[in-house]
Amino acid sequence: MDLTLLRTFVAVHRAGSFTRAATLLGLSQPAVTSQIRTLERQLGRPLFHRRARGVTPTAVGDELAHKAAPHLDALLRITESERGAAGALRTLHLAGSPEFLCLRVLPALALLVGQGHTLRATPQTDAEVSLHGLAAGHHDLVVTTAHPRGGLFTATALCDEEHVLVAAPYWAALVDMDRLREEGCAALDGIPLVEVHESLPLVTRYWTAVFDTLPDARSLAATVVVPDLRAVLECVRAGAGLAVLPRYLCQDALDSGRIVALAEPAVPPLRTWFLVVRTGSLALAHLARAHERLLDAAAHW
C-alpha cells in the first residue's frame, strides 16, 4: 500500500476535514480527495462519512487509523532524526499570549537557540485564532489556556497560573482589610480598576472564585483598559487602581513593595496553561525537543 495515501488518510482522520488536511500537507483539496478515493477503492470500503462540515471516520477508517498512525509517526521520527544528525534543524514556530511567551516560554527555549535551533514567535491574545493557525500549519506549537477538543490537536498541561488581586500601597491603605475579609468585594467599591478588556475577564474570574459573586458594574468600572498584562502592571504600580494579575508577572513588584496583594484567599484562583500541537507532530525532532524543554522548565515555575 502506498505510504503517501496512508499519510494523507491519517492527516484527514486527525483533521476531520479534507480542507484542513490539505493545508497541513501542502496539497490542494482535490488532490487530498483523490488520494482518499484511491485508498478507499484499494480497500473496497469507505473510510469517511462526508458531512456538511468536514468528515467523520467510518468504523473501518477508525480501525485503519489506529493501526497505521503509530507506524507513520515512527517513520517520521526516524526521518527527522536523520535530518537532525545531518545538521538540518528546522525553525520552530510558536504562538500564544504575548506576556507568557515573553516571560516564560522564550527564556525557557533560549538554550535550544544555542544548539542551532531557530525560533519564530507570534504573540496572539485570541486562543481561537492561535489554534486556527496551528490547524492551518502556520504554527508548530501553541501555548494557551484553552483546552482544545477533537483529534486534530494534542494538548499537554504545562503549569498552573495563580491570580492575585493587587494595588499600589496608596490604594491598599484605603481598603478596610477586616471589612474585605468579612464582606468581600463590597470593601473595594469606588477603587479604580485596570483591566485588559471592557468585559473585565480577569476580575470576573477572580470575583467568582474568591467572592462567589460577579463584579458590580456600578461600583467597579474599568478606569484603564489596555490589552497587555505588562501594561496593566505598570499602571497599577503608578497608582491607577487595582487589578487582577498572574503571580508570575507581578511577583517581583510584590516582593519589592511597589504593589500590595489585597487578598490572600486560602484557595487562590488558578488557570492551566497547555502546550498544544497537531496530533502526531511530536514525531518531529525539533518540536519534540522544544516540547520536552518547556515541560522541564515549567516544573520550576
Practice problem: Treating Ile, Leu, Val, Met, Phe, Trp and Tyr as nodes and any side-chain heavy-atom pair under 4.5 angstrom as an edge, say whether Leu106 and Leu229 lie in one connected cluster. | Solution: yes
Quiz item: Do Arg181 and Asp178 sit within salt-bridge range, that is, some charged N less than 4.0 Å from a carboxylate O?
Solution: yes
Quiz prompt | Main-chain N/O of Thr272 paired to Thr145 side chain as donor or acceptor, under 3.5 Å | solution = no
Exercise. Could you tell me the separation between the CG atom of Leu141 and the OG atom of Ser281, rounded to the nearest 0.5 Å?
Key: 8.0 Å
Quiz item: In terms of ring plane angle, is the pair Phe100 and Trp273 parallel, tilted or perpendicular, where the classes change at 30° and 60°?
Solution: parallel
Practice problem: Starting at CD of Gln124, measure out to CG of Leu94 and round the result to the nearest 0.5 Å. | Solution: 13.5 Å
Exercise. Count the heavy atoms belonging to other residues, nucleotides or ligands that lie under 6.0 Å from CD of Glu292, then report whether that count exceeds 12.
Key: no
Practice problem: List the steps and the verdict of side chain to side chain donor-acceptor pair (under 3.5 Å) for Arg41 and Thr38. | Solution: CA-CA 5 Å; Arg41 284 196 300 270; Thr38 298; 3.3 Å; yes
Quiz prompt | From CA spacing to verdict: side chain to side chain contact (heavy atoms under 4.5 Å, CB included), Gln35, Phe9 | solution = CA-CA 8 Å; Gln35 289 185 24; Phe9 161 73; over 6 Å; no
Exercise. Name the orientation class of the two ring planes belonging to Phe211 and Trp207 (parallel below 30°, tilted from 30 to 60°, perpendicular beyond 60°).
Key: perpendicular
Quiz item: Are any side-chain N or O atoms of Thr58 and backbone N or O atoms of Pro46, one a donor and one an acceptor, separated by less than 3.5 Å?
Solution: yes
Quiz item: Under 6.0 Å from the CD atom of Glu234, do we count more than 12 heavy atoms belonging to anything else shown?
Solution: yes
Quiz item: Is there a donor-acceptor contact under 3.5 Å linking the side chains of Ser97 and Glu99?
Solution: yes
Quiz item: Partners of Arg271 by salt bridge (Lys or Arg N to Asp or Glu O under 4.0 Å), sequence neighbours excluded?
Solution: Glu161
Quiz item: Any idea which heavy atoms bring Glu195 and Pro201 closest together, and the distance?
Solution: OE2-N, 3.4 Å
Quiz item: Between OG1 of Thr156 and NE2 of His291, what distance do you get to the nearest 0.5 Å?
Solution: 3.5 Å
Exercise. Look up atom CG in Leu188 and atom CD in Glu183, then write down how far apart they are to the nearest 0.5 Å.
Key: 11.0 Å
Exercise. Test Thr208 against Leu214 for side chain to side chain contact (heavy atoms under 4.5 Å, CB included), laying out the working first.
Key: CA-CA 6 Å; Thr208 302; Leu214 293 173; 3.7 Å; yes
Exercise. Would you indicate whether Arg205, at its atom CZ, is surrounded by more than 12 heavy atoms from other residues, nucleotides or ligands within a distance under 6.0 Å?
Key: yes
Exercise. With rounding to the nearest 0.5 Å, note down the distance linking CG in Leu180 to CG in Leu165.
Key: 7.5 Å
Practice problem: Say whether Val113 and Leu109 are linked into one hydrophobic cluster, either directly or through other cluster members, by side-chain heavy-atom distances under 4.5 angstrom. | Solution: yes
Quiz prompt | Main-chain N/O of Val164 paired with Arg247 side-chain donor or acceptor, under 3.5 Å | solution = no
Exercise. Drop me the distance from Thr56's OG1 to Leu47's CG, to the nearest 0.5 angstrom.
Key: 11.5 Å
Practice problem: For residues Trp301 and Cys159, report the shortest heavy-atom separation together with the two atoms involved. | Solution: CE3-SG, 3.8 Å
Quiz prompt | same_hphob_cluster(Phe153, Phe274) at 4.5 Å side-chain heavy-atom cutoff | solution = yes
Exercise. Report, as yes or no, whether the 6.0 Å neighbourhood of atom NE2 on His49 holds more than 12 heavy atoms from other residues, nucleotides or ligands.
Key: yes
Practice problem: Establish whether Leu64 and Val32 are linked, either directly or via other cluster members, by ILVMFWY side-chain heavy-atom contacts under 4.5 Å. | Solution: yes
Quiz item: Of the non-hydrogen atoms in Pro57 and Asp62, which two are nearest, and what is the gap between them?
Solution: CG-OD1, 3.3 Å
Quiz item: Does Arg149 CZ have over 12 foreign heavy atoms under 6.0 Å away?
Solution: no
Quiz item: Out of curiosity, does Tyr248 fall in the hydrophobic cluster containing Val260 (side-chain heavy atoms, cut-off under 4.5 Å, transitive links)?
Solution: no
Exercise. Any chance you could lay out the side chain to side chain contact (heavy atoms under 4.5 Å, CB included) test for Leu92 and His117, step after step, and finish with the verdict?
Key: CA-CA 8 Å; Leu92 179 70; His117 289 65; 5.9 Å; no
